[in-house]
> 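I'd like to ask you about the structure that follows.
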Amino acid sequence: MVRTRFAPSPTGFMHIGNLRTALYTWLIARQNNGKFVLRIEDTDTARYVEGATDVIYNTLRQCGLDWDEGPDKDGGYGPYIQSERMNTYKGYAEQLVNEGKAYRCFCDKERMDKLHNEQKSNGETPHYDRHCRNLTADEISKKLEAKIPYVIRQKVPESGETTFVDELYGEITAPNKDLDDQILIKADGMPTYNFANVVDDHLMEITHIVRGNEYLSSTPKYNLLYEAFGWEIPKYIHVEHIMRDKTHKLSKRDGDAYFSDYVKKGYYIPALINYIALLGWSPKGEQEKFTLDELITEFDIAGLSKSPAVFDEVKLRAINALWLRSMSELEFAALIFPYIKQAVKRLDINFELLVHCLQPRAELLTEIPEKVDFIDAVPDYSIDLYVSKKMKTTPESSLSALLTLLPLIEAVEIFDNEHIYNAVMEKVNEMGVKNGVLMFPLRTALSGKAMTPGGGTEIAAIIGKDETIKRIKDAIVKLKSEC
RNA sequence: GGCCCGUUGGUCAAGCGGCUAAGACACCGCCCUCUCACGGCGGAAACAGGAGUUCGAUUCUCCUACGGGUCACCA
């Protein structure tokens, strides 16, 4: 049975990189009919943020990453909040002490600081000198009786090397002499993060560990711990970081590191997930647009990249646009309706046509309002807008075009795009001119904008006959007085 | 600094000893077109450098350079 876990710290934000880790972890569980476990690692009380756990829940839910076990869903491996498991760790450390695989260290902070400073000034990497590793039983019991505080450290072999296998990187070997006798239990009796992790993952029977690349160097120590306990070692999959550029990680400072940043910017969540999945992973075929369900079948850790990926918002926009374009018109309508309402209060317009025109032109949801803001009222505009070299129009020619158009439009009975278009084209053919000669001034008169979602006749159909006629008349007045 | 990992066009990336070195985004040009888009066609653009191994290296080995990670009683 495959069991994977996502173990975030409740910081109040969901980093894009963490979300991607969660996604990959979730995918591995789902494609193996396994369990996806959510464990909250809240032991850093200094960093505790009110409501931070809800951010984790909400983000995962919004993204469709459902968990089988978690703080709110007991699967028999609880508790799933690390701070509630604090009494389970020390016993395991004591077990290692009894077996001679770990030891109590009574060195205080002063001695450690002094030691580290000396090592640094000697040009050495700061490390523990194993001062307490070989205390006699007598010395130990004396110190215990004197109630001298202690930590429990793991006995790391002094020579040899430790090898572990990463599913992506293959075998990685580190010399044991570079590994410190790491602390398992702190002086306050609490476990260190690394120790708690190993114990929790074992107790929860986690089979695959997906985590950031920053853990690659500490994994040998993890392995040593598993070996000391005689526990089965899980499969490791270390994934590279997501970068802002070649040398910098996505950061909080630049406001581009969190899931919520992108939702705020108007990205559609399934598209965002799609893009994140592709950052550092490449599918076998040419397909690029993936739903979560498709990812479950397509995802393969063999396609993961070993080098960091730069987050490209331009590409994200493109994927987002691809999603918006390829959904059904009905779905798209429901999605953008709130954004249309932000700018459009009128109700007597052809929403269906508006949505139809908007769909191929939408990239970000938040850009919708500015695209439709002319519908309620024509903005102030300069008559220079009527100048187009390509359409061969000027304010003067536009004035006469609108004067031609007015009676023609007034005569259109069925006021939809097709009928308006045919009416205008009939005149265009009669005049023997480019259709832009009439179409361009119409569109400008109706919108007061250089770019609109749709052509002149479409906009006329959207805003309706009365409004169209009114706007043409207004434009005629404007052109007469300003030409 | 020690140790670990990485390095294919601007970006994401395919490639797993023999290819004119894919594809996508972005960029440029053309077509379509009632503006802008969508769509279609085409273009420019890459194996970090050097030694090996091999008949043959983007692919295997080593070195160099560059980049990242890690060396806490933090998680």
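Only heavy atoms go into these numbers, but all of them, side chains included; no hydrogens, no water, no symmetry mates. By convention in this document, chain letters (A, B, ...) are assigned in the order of the sequence lines, proteins followed by strands, and residues within each chain are numbered from 1. Predicted model, so just to flag it, every value in this text is computed and none were measured.
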> Return all side-chain donor-acceptor pairs below 3.5 angstrom for residues 421-428 of chain A, not counting sequence neighbours, or 'none' if the list is empty.
unit_1, atom_1, unit_2, atom_2, d
A:Asn422, ND2, A:Glu418, O, 3.2
A:Lys427, NZ, A:Glu430, OE2, 3.1

> On the 0 to 90° scale, with breaks at 30° and 60°, tag the A:Tyr267-A:Tyr262 ring pair as parallel, tilted or perpendicular.
tilted
> Base, sugar-phosphate, or nothing: which does A:Val310 touch, judged by heavy atoms less than 4.0 Å apart?
sugar-phosphate
> Can you check the distance between B:U35 and B:C30, where both ends of the measurement are the P atom (answer in whole Å)?
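Result for the P pair: 16 Å, nearest Å.
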> Does the protein touch nucleotides 27-47 of chain B at the base, only the backbone, or not at all? Give it as B, S and - per nucleotide, heavy atoms under 4.0 Å.
-------BBBBSS--------
> Looking only at atom C1', what distance separates B:A44 and B:A26, rounded to whole Å?
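Taking atom C1' in both B:A44 and B:A26, they lie 13 Å apart.
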> As a test of reading the structure: which of B:A75, B:C25, B:G69 is closest to the side chain of A:Glu214, going by heavy atoms?
B:G69
> List the protein contact pattern of nucleotides 59-68 of chain B with one symbol per nucleotide (5' to 3'): B for base contact, S for sugar-phosphate-only contact, - for none; contact means a heavy-atom distance under 4.0 Å.
--------SS
> Of the nucleotides B:A75, B:C4, B:A24, which has the atom closest to the A:Tyr193 side chain?
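Ranking B:A75, B:C4, B:A24 by closest atom to the A:Tyr193 side chain puts B:A75 first.
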> Roughly how far apart, to the nearest Å, are B:C47 and B:C60 at atom C1'?
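Approximately 16 Å lies between the C1' atom of B:C47 and that of B:C60.
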> Would the number of heavy atoms belonging to other residues, nucleotides or ligands and lying under 6.0 Å from CD of A:Glu171 be above 12?
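Result for CD/A:Glu171: open.
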> Contact class for A:Thr173 vs. all strands (heavy atom < 4.0 Å): base, sugar-phosphate, or nothing?
sugar-phosphate
> For a quick check of understanding: with a heavy-atom distance under 4.0 Å over all strands, which category does A:Tyr215 fall into, base, sugar-phosphate or nothing?
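Since a base atom lies under 4.0 Å of A:Tyr215, the category is base.
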> Distance between the P atoms of B:G43 and B:A22, in whole angstroms?
12 Å
> In terms of side-chain heavy atoms of A:Ser217, which of B:G69, B:A14, B:A75 is nearest?
B:G69
> Got more than 12 heavy atoms from elsewhere within 6.0 Å of NZ, A:Lys392?
no
> Using the six-membered ring of A:Tyr150, assess whether NZ or CZ of A:Arg104 lies under 6.0 Å from its centre and within 45 degrees of the ring axis.
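Judged by the rule (NZ or CZ under 6.0 Å from the ring centre, within 45° of its axis), A:Arg104 counts as positioned above A:Tyr150.
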> How far, in whole Å, is B:G10 from B:C63 if one measures between their P atoms?
28 Å
> Whole angstroms only, please: what is the NZ-P distance between A:Lys120 and B:C71?
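Taking NZ of A:Lys120 and P of B:C71, I get 13 Å after rounding.
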> In this structure, how many angstroms lie between the P atom of B:G23 and the CD1 atom of A:Ile319, rounded?
17 Å
> Please tell me which of A:Cys105 and A:Tyr169 maps to the more 5' nucleotide of RNA chain B, matching each residue to the nucleotide holding its nearest heavy atom.
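Here A:Tyr169 is the residue nearer the 5' end.
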> Using the P atoms only, state how far B:G29 lies from B:C38, rounded to an integer number of Å.
15 Å
> Which nucleotide in the list B:G23, B:C73, B:A13 gets nearest to the side chain of A:Ala309?
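For the A:Ala309 side chain, the nearest candidate turns out to be B:A13.
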> Please report the distance, rounded to the nearest Å, between CD in A:Gln82 and P in B:C74.
13 Å
> For RNA chain B, report each stem as range with range, ordered by first number, or say none. Use Watson-Crick or G-U wobble pairs under 3.5 Å, at least 3 in a row.
B:1-7 with B:65-71, B:10-12 with B:23-25, B:27-31 with B:39-43, B:48-52 with B:60-64
> I need the A:Leu224 CG to A:Phe164 CZ distance, nearest 0.5 Å.
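One gets 12.0 Å once the value is rounded to the nearest 0.5 Å.
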> Find the distance A:Asn223:CG to B:C4:P and express it as a whole number of Å.
16 Å
> Mind checking the C1' distance from B:A57 to B:U61? Whole angstroms is fine.
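Here B:A57 and B:U61 have their C1' atoms 12 Å from each other.
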> Does the side chain of A:Tyr103 come within less than 4.5 Å of A:Leu135's, by heavy atoms?
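They are not in contact (no side-chain heavy atoms under 4.5 Å apart), so the answer is no.
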> In chain order, what residues pass the side-chain hydrogen bond (donor to acceptor under 3.5 Å, both in side chains) check against A:Asp384, with sequence neighbours excluded?
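Here the qualifying residues are A:Ser382.
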> As a test of the definition: with a 90° window around 0 for syn, would you call B:C34 syn or anti?
anti
> Could you check how far CG of A:Asn274 sits from C1' of B:A24, rounded to whole Å?
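The answer, rounded to whole Å, is 12 Å.
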> Contact class for A:Pro220 vs. all strands (heavy atom < 4.0 Å): base, sugar-phosphate, or nothing?
nothing
> If you measure from NZ on A:Lys101 to NZ on A:Lys155, what distance do you get to the nearest 0.5 Å?
11.0 Å
> Rounded to the Å, how far apart are A:Met190 CE and B:C74 C1'?
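Between C1' of B:C74 and CE of A:Met190: 15 Å.
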> For the C1' atoms, the ones on B:C27 and on B:G52, what distance do you get once it is rounded to whole angstrom?
40 Å
> Return yes when atom NZ of A:Lys186 has more than 12 non-hydrogen atoms of other residues, nucleotides or ligands closer than 6.0 Å, and no otherwise.
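Yes, the 6.0 Å shell around NZ holds more than 12 heavy atoms from other groups.
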> Are A:Thr162 and A:Asn223 close enough that a side-chain donor and a side-chain acceptor fall under 3.5 Å?
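A:Asn223 and A:Thr162 do not have a side-chain donor-acceptor pair below 3.5 Å.
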> A:Leu279 has an atom CG; how far is it from atom C1' of B:C25, in whole Å?
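The answer, rounded to whole Å, is 12 Å.
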> Just checking, is any N or O donor in the side chain of A:Asn197 or A:Tyr215 under 3.5 Å from an acceptor N or O on the other one?
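There is no such pair between these side chains.
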> The criterion is ring pair (Phe, Tyr, Trp, His ring centres under 6.0 Å); which residues satisfy it with A:Tyr275, sequence neighbours excluded?
A:Phe311
> Tell me which nucleotide among B:U7, B:G2, B:C4 gets nearest to the side chain of A:Asp178.
B:G2
> What is the distance from CD of A:Gln182 to P of B:C74, rounded to the nearest Å?
13 Å
> Contact class for A:Ser307 vs. all strands (heavy atom < 4.0 Å): base, sugar-phosphate, or nothing?
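Sugar-phosphate contact only - A:Ser307 comes under 4.0 Å of backbone atoms but never of a base.
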> Any cation-pi pair here, A:Arg471 with A:Tyr381, using under 6.0 Å and within 45°?
no
